[in-house]
Colleague: 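Encoded as structure tokens, here's the structure I'll be asking about.
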Amino acid sequence: MNPMTDLGLRFVRRPGPGGRAANLAALGATAVVAMLVTFLIAGTLGLTHRADRIGWRTSDDADAKTAVGVIHEVKDLVNGKPVLRYDLAVTNEQRNAQLAPPPGLPHTPKPGEVFVSPAVAKLWSSDASSDLSKRFGLARPTGEISSAGLSSPDELVIIRGASPQLPGLTAKYHPKYLANWHGSDLPERIAILLALVAFGVALVLFPLLSLVGQAAGVAAKRRERRLAALRLAGATRGQVLRLSAVEQAVIGFAGAVAGLIGYTVLSPLIARIPIGGGHWYLHDLTVSWWVVLVVLVAVPVLSVISAMIGLGRVSITPLGVVRGQTRKATSALRLGLLVIGPVMLGILGTGGALLPIVIGVGMAALAVRIVGPWAVQVIGKLLARTAKGPVVLLAGRRLADDPKGAFRPVAALVLSGFVTGFLALFMPYGLSGDGTDTAFHLYPDQGQTVAVVNDARAKLAEAGIKGEVTSQAQSVTIVVPGVADREKVRTVLYDVVPDVVPLTDAEKDEHEAGMLLDLRLGVALLLGLVFITGAASTAAGAVGTALDQAAPAKALRRSGVPLKVIERSARLAAVVPVVGVGLPVVGFGAFCGLVFSGGHPLTQGNSGLLLLSGQVVVGLVLVAVAGAAGAPVLRKASAG
């Protein structure tokens, strides 16, 4: 074995004073990175697995002459719950006999047969049974759709066999013609979710990379001095980097394994997240062997790269490290980077292509990450110049001397401010309707209005329901006395217009609510990922900073500076970047969101303000908790 490899492994096994705490902090941070990366990959693949099972319902890959069948989607409502009904007709029996049936079905439904998902089957056996039986003329459904044909265990879907002549399936209604029963088109809702996932990855990417850098940079100064000593003893630049790479790779690999185990343990809980129309099948979120391989390789490699970048100073100027020379000041020219992202987003707008938008958001987040240390340095100098006591003076000098080191532990938290500020302008509040309307609107074919009105009046009278039926041009409006009669009215009028189920405006909103709920839940999940990243980064940073500051703190204590002063200055140095940089970054994120939306944000009510307030509170709490976690380490490491 190469001597430097052996020495690197030895440093992992026997890390020296303070090294065990640093390695554990780095391992924990790396495990969080691996777990979040696995979640993002598995979630994206899970959505595509859903689409693979139900894509055939929305496929339109043939014409009327060559299609094996035709399908039409109808929005229905059962017992107050939105249900999708698909009318399906075979148009080529010979080809149908040669093909496998639609996913999840034992055979292609014949006219009059009704297959339902297990969730609808439960409704059929509950209070809604009488309505469903009357609507479809069946005491119970023909059969259940298996998991092979559903997007989620909770999906409410009905597939009804019909004849090709049924209204809605004829050419004038523009139905979808199917080349086979296994089309792979991407359903609209899943397509939007995948676009949101890509958008979210761009937002969470830099906090995640900051956490990787934080994990690799824990106790950076301790490692710098150790490796600088080796260089001064005769080790070459390559040997020093090899040693550090081995040490970091081992910790990164162990963290990746821990992250994969953590994800596997949490998978049943993750599967309970109701997004995209329901909970998840656990197998959709189970990672395959190649995902495990990617995580086991990518996470250690990223850790090693981050460590190598951080050790660039050692490989070039080991004497500078040993002498404790301050780092080169960061340049104000970096402020120019803040312009690129907003300009891109302003030009593209919400109607732009996804990839350029993702790049624009990424550029804005990258600018925050690069400008952050400069801002910390400016604030540190200001504090040092205006200090009237030792606490502020020590904190200011530390920020001014090593702004990158001071910004690194809170970088993920500060970037979460950018994400929150951006998303605060895209918080859909709710539905326009209040769910209490009692007016159904139907739009019959030309020339059918009078027949529909007469039919509706006759069926309402036969059922003993008082209702007012009026018509205007090609629309028919049915108003019933109370909300309680809506389900009954729907059942009575179910086939008055065969390709349309009677729905009120509020009930139509119920169908649209699914996408709004996905948006809200997606925002909450994204912020959750960002806050987890920020918490892990801040905690690991607190331990690393405490270890890095152990030597100067020990010298200060020997010179008579009270420990309380040292700890208060350390806490102040941790809070200042979050408040002094984080709050302006929240505003920058909101500005980018405003530019992106063209001055028309989606947020309604106080949801955006509550989100911003919550971000500030969570950020300060995380810093306080991290400060509490780092204090014992600093106290112990600086003793003696």
Side-chain angles (χ1 to χ4, degrees), residues 50-62 64 67-78 81-92 96 99-121 123-124 128 131-132 135-138 141-171 173-191 276-278 490 494-495 497-503 507-508 510-512 514:
R50 286 185 172 196
D52 290 342
R53 294 195 294 270
I54 66 172
W56 69 276
R57 300 182 203 157
T58 53
S59 290
D60 190 12
D61 50 3
V68 66
V70 60
I71 193 168
H72 176 59
E73 179 185 295
V74 179
K75 292 179 179 176
D76 201 344
L77 210 79
V78 179
K81 298 180 179 180
V83 175
L84 285 179
R85 190 190 88 200
Y86 291 92
D87 292 336
L88 176 65
V90 177
T91 55
N92 188 327
N96 177 52
L99 294 173
L105 297 178
H107 62 266
T108 309
K110 299 173 183 174
E113 289 187 331
V114 176
F115 289 86
V116 301
S117 62
V120 173
L123 290 175
W124 212 302
D131 286 320
L132 284 168
R135 290 177 190 180
F136 295 97
L138 296 171
T142 307
E144 289 191 15
I145 306 169
S146 73
S147 59
L150 298 173
S151 69
S152 74
D154 311 326
E155 188 179 16
L156 294 169
V157 62
I158 298 171
I159 298 178
R160 181 174 76 167
S163 78
Q165 289 73 39
L166 183 78
L169 295 178
T170 54
Y173 293 96
H174 305 291
K176 292 181 169 58
Y177 293 98
L178 307 177
N180 55 58
W181 305 119
H182 294 268
S184 57
D185 276 17
L186 204 56
E188 183 182 7
R189 188 167 177 176
I190 293 181
R490 189 173 6 267
Y494 201 66
D495 289 323
V497 179
D499 65 315
V500 178
V501 172
L503 298 174
E507 290 170 341
K508 290 174 184 173
E510 287 290 328
H511 272 279
E512 303 301 325

Colleague: Is there a side chain to side chain contact (heavy atoms under 4.5 Å, CB included) between Leu84 and Glu73? Walk through the geometry before answering.
Modeller: CA-CA 7 Å; Leu84 285 179; Glu73 179 185 295; 3.8 Å; yes
Colleague: With sequence neighbours excluded, tell me which residues meet ring pair (Phe, Tyr, Trp, His ring centres under 6.0 Å) with His107.
Modeller: Phe115
Colleague: Please find the pair of heavy atoms, one from Ala62 and one from Ala179, that lie closest to each other, and give the distance.
Modeller: CB-N, 3.6 Å
Colleague: Of all the heavy-atom pairs spanning Leu123 and Leu132, show the shortest one and how long it is.
Modeller: C-CD1, 4.0 Å
Colleague: Could you work out, with side chain to side chain donor-acceptor pair (under 3.5 Å) as the rule, every residue matching Asp154, not counting sequence neighbours?
Modeller: His279
Colleague: Side-chain contact test, heavy atoms from C-beta onward, threshold under 4.5 Å: evaluate it for Asp87 versus Val74 and give yes or no.
Modeller: yes
Colleague: Just verifying a value: how many Å separate Leu150 CG and Leu156 CG, rounded to the nearest 0.5 Å?
Modeller: 10.0 Å
Colleague: Heavy-atom distance under 4.5 Å between the side chains of Pro103 and His182, does that happen here?
Modeller: yes
Colleague: So, taking the atom named OG in Ser59 and the one named CD1 in Ile71, what distance separates them when rounded to the nearest 0.5 Å?
Modeller: 9.0 Å
Colleague: From Asp60 CG over to His174 NE2, what is the distance, rounded to the nearest 0.5 angstrom?
Modeller: 11.0 Å
Colleague: First locate atom OH of Tyr86, then atom NZ of Lys176, and finally report the distance between them rounded to the nearest 0.5 Å.
Modeller: 8.5 Å
Colleague: May I ask you to test the Ile158-Val114 pair for a side-chain heavy-atom distance under 4.5 Å?
Modeller: yes
Colleague: At their closest point, which heavy atom of Ala89 faces which heavy atom of Pro164, and how far apart are they?
Modeller: CB-N, 3.6 Å
Colleague: What verdict does the side chain to side chain contact (heavy atoms under 4.5 Å, CB included) test give for Arg160 and Arg85, after you've listed the backbone C-alpha separation in whole Å, the side-chain angles of each residue and the deciding distance to 0.1 Å?
Modeller: CA-CA 7 Å; Arg160 181 174 76 167; Arg85 190 190 88 200; 3.2 Å; yes
Colleague: Flag the pair Tyr173 / Pro167 as yes when at least one side-chain heavy-atom distance between them is below 4.5 Å, and no otherwise.
Modeller: yes
Colleague: State plainly whether the residues Asp76 and Arg135 are in salt-bridge range, i.e. N to O under 4.0 Å.
Modeller: yes
Colleague: Are Arg189 and Glu155 close enough for a salt bridge, meaning some N to O gap below 4.0 Å?
Modeller: no
Colleague: Do Val78 and Asp131 have side chains that approach each other closer than 4.5 Å (heavy atoms only, starting at C-beta)?
Modeller: no
Colleague: Report the residue from Pro141, Pro109, Pro102, Ser117 that forms a side-chain contact (heavy atoms from CB on, under 4.5 Å) with Ile159.
Modeller: Pro109
Colleague: Looking at Ser152 and Gly278, what are the two nearest heavy atoms and their distance?
Modeller: OG-CA, 3.5 Å
Colleague: Would you say the side chain of Ile54 lies within less than 4.5 Å of the side chain of Ile190, judging by non-hydrogen atoms?
Modeller: yes
Colleague: Nearest 0.5 Å please: distance from the CG atom of Leu88 over to the CZ atom of Arg57.
Modeller: 11.0 Å
Colleague: Minimum heavy-atom separation for Ile145 and Pro118, please, with both atom names.
Modeller: O-CD, 3.6 Å
Colleague: Taking only residues two or more places apart in sequence, or in another chain, which ones meet Arg50 in a salt bridge (Lys or Arg N to Asp or Glu O under 4.0 Å)?
Modeller: none
Colleague: Are the side chains of Asp61 and Trp56 in touch, meaning some heavy atoms are under 4.5 Å apart?
Modeller: no
Colleague: Taking all non-hydrogen atoms of both residues into account, name the closest pair between Gly168 and Asp499 and its distance.
Modeller: CA-CB, 3.7 Å
